[in-house]
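First comes the structure, then the notes that go with it.
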Amino acid sequence: MNAERQEPRPGDDPAVPAFERARTRRQMARAAGLHPDHWYAVEHSHALRPGAVIETRFWQRSIALFRGQDGTIGAVENRCAHRQVKLSLGEVAGCRLVCPYHGWQYDTAGRLVAIPHALFGQPMPRVRLAAFPVRERYGLIWLFPGDPALAEATAMPEIPEVEGARPWAAITVDFTWAAHHSMIIENVSDFTHAHLHRSYRPFTDATLIELRTEGQRVRLAYDVLVGDGRFSKHFVDRSRVRVDRMELCFEYPYQWSDTGGRIKHWCFFLPMDARTTRVFFLFYFDAIQIPLLRVPMPRWLQLPLLRAARRVMIRPLLAQDGGMVEAEQQAYERRPHAPSIELNPAVIAFQKLVVAEWRRHLEGAMPRTAAPAELA
Ligand code: FES
Ligand SMILES: [Fe+2]
């Protein structure tokens with residue numbers, strides 16, 4: 001048994017300890033951010049129409065995400081260089097982001113390109129807001145919050161099954177939960193919580209049979225009965241897929257699972273701050289059958305079926321997880337020094353990786369001034 005029996009010491013701050021002051025592995029994991037030098041899913045593509053601007057956040061950093069009329073996406077520091085008003089409160093004109101207050105205009109590279117009022121004899125200020133590389137893939141908008149020079153060469157998840165001429169049926173589900181990302185990372189790969197989902201039975205009688213950390217990956221496998229719910233089990237084509245084993249991986253900073261090579265998912269985490277995480281689940285399937293007939297379901301029927309399943313089963317099931325990680329967050333904030341008992345070695349491996357990568361980030365971070373605007 002791996003118990004961290006860390007009772008408060010005299011003089012302990014009752015508040016949640018910051019990373020530098022954390023004493024236990026769990027406290028460190030709960031204070032760590034995710035390394036910014038990766039691509040992060042921040043929004044559904046369809047949620048950002050041409051001419052729209054929205055706010056997103058990466059680890060307390062507010063970012064204005066906007067789409068020009070030509071479809072190009074810009075992501076810039078969400079503070080006008082003039083009086084620091086959030087640019088996400090403004091609007092998009094053509095391909096420029098316009099501040100709502102005095103109308104200063106920025107392009108997708110964050111450059112101030114127009115001021116629609118008097119300059120009082122002064123030259124046009126040379127301003128360039130921090131701008132973030134963005135991409136669109138898998139129906140999602142991806143942002144690189146770290147060093148922009150690394151963006152191009154940094155790999156993002158490769159999911160060939162949902163691209164190409166005959167993509168698998170896929171659906172995306174997202175939630176914003178009031179919980180630290182490490183709690184969610186642990187939740188999605190730790191099958192000891194089958195009890196929570198006993199009415200849906202997505203995984204039953206799980207036994208951990210493999211666990212190994214390889215660099216930035218924690219790989220694990222369970223002997224487990226997958227998809228044994230009252231309704232779901234009739235839709236899984238067991239002649240084509242083995243449902244008695246599931247492989248999972250915390251492929252930092254993402255997570256995925258694979259059942260028999262035909263039922264898969266990825267999970268993308270957006271750490272908005274230390275107690276708020278947006279999480280995008282992408283599920284994709286190649287083994288859906290028509291119940292009773294037991295023949296493969298035609299492709300045109302798969303997507304409507306999955307959309308219905310998302311509403312009646314997948315969202316409610318994941319909402320159970322959301323309720324629990326939010327409860328865990330509240331409990332942690334009430335008693336951050338309370339003893340914790342962790343039985344699943346996979347959870348310990350996840351926490352170690354989260355802590356190690358955050359430490360690597362802090363050690364590598366150049367001392368930067370957090371200026372809202374840089375001179376061009
Ligand atoms: S605060 Fe943005 S234009 Fe003045
Ligand atoms: Fe769960």
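Computed from a prediction, not measured in an experiment: that's the story for all the values here. Counting convention: from 1, in listed order, for ligands and their atoms alike.
For atom 2 (Fe) of ligand 1, the set of protein N/O/S atoms nearer than 2.8 Å consists of C80 SG, C99 SG, ordered by chain and number.
Close placement of the W39 and F144 rings is indicated, their centers lying within 6.0 Å of each other.
In this structure, R315 is positioned above the aromatic face of F175, its NZ or CZ under 6.0 Å from the six-membered ring centre and within 45° of the axis.
Between the OD1 atom of D321 and the NE2 atom of H197, the angle taken at the Fe ion (ligand 2) works out to 90° after rounding to 10°.
Taking SG of C267 as the reference point, atom CZ of F281 lies at 4.0 Å (rounded to 0.5 Å).
Between F268 and the choices Y252, F280, W142, Y40, the ring pair (Phe, Tyr, Trp, His ring centres under 6.0 Å) rule is met once, by W142.
Side-chain atoms of E333 and Q329 form a donor-acceptor pair, as typed in the model, at a separation below 3.5 Å.
Scored by the salt bridge (Lys or Arg N to Asp or Glu O under 4.0 Å) test, R212 finds E210, E214 as partners (sequence neighbours excluded).
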